[in-house]
Amino acid sequence: MMKANRYVNEWVDEQIALCKPERVLWIDGSAAQQEALRQEGFATGELIELNQELLPGCVYHRSDPSDVARVEARTFICCENQADAGPTNNWMAPDEMKALLRPIYDGCMAGRTMYVLPYSMAQLGSPFAKYGIEITDSIYVVLSMCIMTRAGDSVLEAMGDDAGFIKGLHSKAQLDPEQRYITHFPQENLIMSVNSGYGGNALLGKKCFALRIASNLGRQEGWMAEHMLILGVENPQGEVRYVCGAFPSACGKTNLAMLIPPQVYRERGWKCWCVGDDIAWLRPGPDGRLWAVNPENGFFGVAPGTSEKTNPNALASTKKNSIFTNVVLKPDGTVWWEGLDKNPPTDALDWKGEPWDPASGKPGAHPNSRFTAPAVNCPCISPEFENPQGVPISAIVFGGRRAKTAPLVYQSRDWAHGVFVGSIMASEKTAAAEGKVGETRRDPMAMLPFCGYNMGDYWQHWLDMAEQIPNPPVIANVNWFRTDDEGHFLWPGFGDNLRVIEWVLKRAFGEAEAVESEIGWLPRPEDINLEGTDVSRETLEGLLTVDRDLWRTECEGIRAYYEQFGERLPQELAAELDSLEAKLG
Ligand code: GTP
Ligand code: SPV
Ligand code: MN
């Protein structure tokens with residue numbers, strides 16, 4: 001067992017004194033220890049073993065029915081000044097929050113084991129890498145973090161005598177929704193999460209560290225932490241170009257990241273490579289381009305809708321050493337969810353563990369049920385996935401679910417206009433967070449729930465980055481979710497999204513045409529390859545229209561949204577909005 005440095009030990013000792021566990025176990029990252037934890041989880045019922053012939057190394061977990069998604073209303077940024085958290089974050093003063101949390105944590109691990117988990121976000125030793133310690137009382141969290149990050153002794157070794165690790169204290173406590181808090185102290189690199197055991201609330205390396213804390217670090221240190229997938233697109237000449245994509249939760253990042261080219265593309269030699277499906281850390285490189293790594297080591301993907309047809313690479317990733325949460329459990333020890341196939345099982349248990357009748361009309365899997373799968377399992381994982389320097393980014397696409405307003409794709413005129421395009425993103429709400437599904441909300445850069453400081457300052461940071469990247473990626477907006485008057489999607493989506501990405505990447509290299517519109521550059525219909533689809537030219541023309549009336553209304557919404565940022569709204573963005581309104585007349 002590797003010895004932790006004294007800063008780590010001191011902090012862990014303080015948490016032991018607070019949480020009063022019966023015992024403490026340091027996670028070393030070994031397969032033997034993980035197996036022992038699995039066995040313990042089976043014994044306590046925290047985990048259920050799945051069919052080891054069909055799903056070797058896989059386990060099943062149900063979270064508490066009150067604990068199935070991120071809780072944005074109970075997520076806080078605790079910095080000294082409320083203005084620094086900004087109007088879009090919940091805020092409490094650090095001392096006040098700590099005083100509130102102390103009695104909740106006091107003795108919360110009595111009779112339980114405290115697990116101390118050293119982990120790295122990004123490849124160990126990479127210039128991007130940052131280290132963390134997560135303390136937790138959940139075996140499910142430990143095993144999930146062992147998939148999602150690089151964890152164990154090797155991290156303590158890489159940390160050496162450094163005091164600069166990110167501290168994360170997590171306890172399931174009583175899973176009491178009334179006492180649930182997901183809190184961040186950016187000035188202390190500290191995360192405290194209590195009374196939840198699920199997803200982004202509890203796997204502290206993911207949204208809490210790699211986005212909310214890391215966005216603060218990035219601002220201080222001159223880089224960016226973003227809610228983005230990273231996709232490598234190899235053209236028939238064998239050249240691989242990389243694109244990042246920021247879409248809100250449950251809006252298609254995992255699907256685009258693991259895309260399989262349409263048949264006509266495959267026949268010509270196109271290939272796609274997944275570098276990351278949820279988070280990108282981006283730094284300016286010595287060549288003036290922006291370089292990205294995926295700081296994670298696995299996928300925490302939405303299960304419903306994942307199928308052999310929509311995302312075979314994601315499905316293949318889950319076939320071994322994976323965890324399934326809140327899906328349907330079949331009597332043969334395998335799993336099912338809505339959209340997997342057209343044969344809902346009979347005699348199965350639903351996500352709550354109750355006998356499930358597919359004819360009941362109730363979903364068997366929770367809409368935010370997920371798989372946790374190692375990145376190495378993914379058939380299309382990029383050969384550059386482990387590259388400590390990351391990959392050079394040629395394009396950034398923003399996108400959301402917009403039934404009407406946003407066209408299939410448009411390109412920004414330059415970096416500042418691209419920042420504007422990201423800042424005005426909006427999307428219809430999904431099941432990935434608590435609250436009403438379907439309502440449109442503004443979600444700038446898909447970072448609304450994840451930006452760890454004032455969103456106005458964050459936009460300024462984006463604008464300022466331009467100075468460090470003389471050779472910036474092009475920025476575009478995409479929308480796979482435009483519908484006809486009956487609510488049917490007009491664009492086939494999934495693999496066919498490559499047709500749009502191809503145009504965006506060609507624009508980045510000056511290889512494709514575009515026409516100017518009020519909102520930015522649009523492809524001409526002939527610039528999007530429709531070969532092998534049943535999308536008509538007329539449908540595509542419809543997908544590329546910009547409805548001036550809708551956009552005028554949109555501008556009113558943007559103006560109202562911008563207003564809440566007051567002085568923190570960058571001048572350049574205010575000017576972009578004025579200019580858009582002027583163009584629309
Ligand atoms: P998080 O993990 O929550 O950040 O989500 P994500 O952005 O990775 O979303 P994901 O790829 O898991 O997709 C969520 C849902 O969107 C699934 O139900 C998909 O089937 C659906 N979806 C993804 N891509 C497309 C698309 O191109 N068209 C349509 N119509 N649906 C899509
Ligand atoms: C998201 O909601 O964007 C996710 C899932 O990726 S969670 O880890 O719960 O944040
Ligand atoms: Mn996400």
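Heads up: numbering here begins at 1 and tracks the sequence. Just so you know, ligand 1 is whichever comes first in the structure, and atom 1 is the first atom listed for that ligand.
Those atoms of ligand 1 that come under 4.0 Å of a heavy atom in D278, given as number and element, are 4 (O). Remark: ligand 2 atoms within the under-4.0 Å shell around heavy atoms of D278 are 6 (O). Residue H227 approaches ligand 2 through these ligand atoms, each under 4.0 Å from one of its heavy atoms: 3 (O). Heavy-atom contacts of K206 reach the following atoms of ligand 2: 6 (O), 8 (O) (cutoff under 4.0 Å). Contact atoms of ligand 2 toward G199: 9 (O) (distance under 4.0 Å to a heavy atom of the residue). Of all atoms in ligand 1, listed by their number and element, those nearer than 4.0 Å to a heavy atom of A250 are 1 (P), 3 (O), 4 (O), 5 (O), 6 (P), 7 (O), 9 (O), 14 (C), 15 (C), 16 (O). Using a 4.0 Å cut-off to heavy atoms of K253, the atoms of ligand 1 that qualify are 1 (P), 4 (O), 5 (O), 6 (P), 7 (O), 8 (O), 9 (O), 11 (O). Under a 4.0 Å criterion applied to the non-hydrogen atoms of S249, ligand 2 contributes the atoms 1 (C), 2 (O), 3 (O).
Ring to ring, Y119 and Y131 are not that close: their centroids are 6.0 angstrom or more apart. For W356 and W336, the ring centers sit closer than 6.0 Å to each other. Aromatic pair W503/Y410: centroids not less than 6.0 angstrom apart.
With a 4.0 Å heavy-atom cut-off, ligand 1 is reached by the side chain of F489 but not by its N, CA, C or O. Under 4.0 Å from ligand 2, the heavy atoms of F300 that appear belong solely to its side chain.
A parallel orientation is assigned to the rings of Y140 and Y198, their planes being inclined by less than 30° (bins at 30° and 60°). Ring geometry for H227 against F450 counts as perpendicular: the plane angle is over 60°, on a 0 to 90° scale with 30° as the lower cut. Relative orientation of the F489 and F481 rings is perpendicular, given thresholds of 30° and 60° on the angle between their planes.
Here E72 pairs with R70 in a salt bridge; the nearest charged N to carboxylate O distance falls below 4.0 Å. Under a 4.0 Å N-O distance rule, the pair E46/R38 does not qualify as a salt bridge. The existence of a salt bridge linking D278 and K207 is confirmed by a sub-4.0 Å separation between a basic side-chain nitrogen and an acidic carboxylate oxygen.
Residue contact check for ligand 1: P248 places a non-hydrogen atom closer than 4.0 Å to it. The closest approach between N497 and ligand 1 falls below 4.0 Å for a heavy atom of the residue.
Considering C251, P304, G252 only, the shortest heavy-atom separation from atom 18 (O) of ligand 1 involves P304. Residue nearest to atom 29 (C) of ligand 1, selected from F481, W480, F300, W491: F481 (by heavy-atom distance). Within the set M228, K206, R370, R70, the minimum heavy-atom distance to atom 3 (O) of ligand 1 is found for R370.
When only non-hydrogen protein atoms are considered, atom 9 (O) of ligand 2 lies nearest to G200 N, 2.8 Å. The protein non-hydrogen atom at the shortest distance from atom 19 (C) of ligand 1 is N255 ND2, 3.7 Å. Regarding atom 4 (C) of ligand 2, its nearest protein heavy-atom neighbour is K207 NZ, 2.8 Å.
Backbone and side-chain nitrogen or oxygen atoms of F450 are examined, and none is located within less than 3.5 angstrom of a nitrogen or oxygen of ligand 2. Polar contact with ligand 1: absent for G301 (N/O pair, distance under 3.5 Å).
With no hydrogens or angles considered, a side-chain donor-acceptor pair links N368 and R370 at under 3.5 Å. There is a side-chain donor-acceptor pair under 3.5 Å between N326 and S63.
Shown here are the protein N/O/S atoms lying under 2.8 Å from the Mn ion (ligand 3), water excluded: K207 NZ, H227 NE2, D278 OD1.
When the options K253, R150, K206 are evaluated for a salt bridge (charged side-chain N to carboxylate O under 4.0 Å, His left out) with E296, the one that passes is K206.
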Would you please test T254 and D277 for side-chain hydrogen bond (donor to acceptor under 3.5 Å, both in side chains) and show each step? CA-CA 5 Å; T254 301; D277 82 322; 2.7 Å; yes

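Counted within 6.0 Å of NZ on K429, heavy atoms from surrounding residues, nucleotides or ligands total more than 12; the atom is thus considered enclosed. Surrounding NZ of K330 are more than 12 heavy atoms belonging to other residues, nucleotides or ligands, all under 6.0 Å away.
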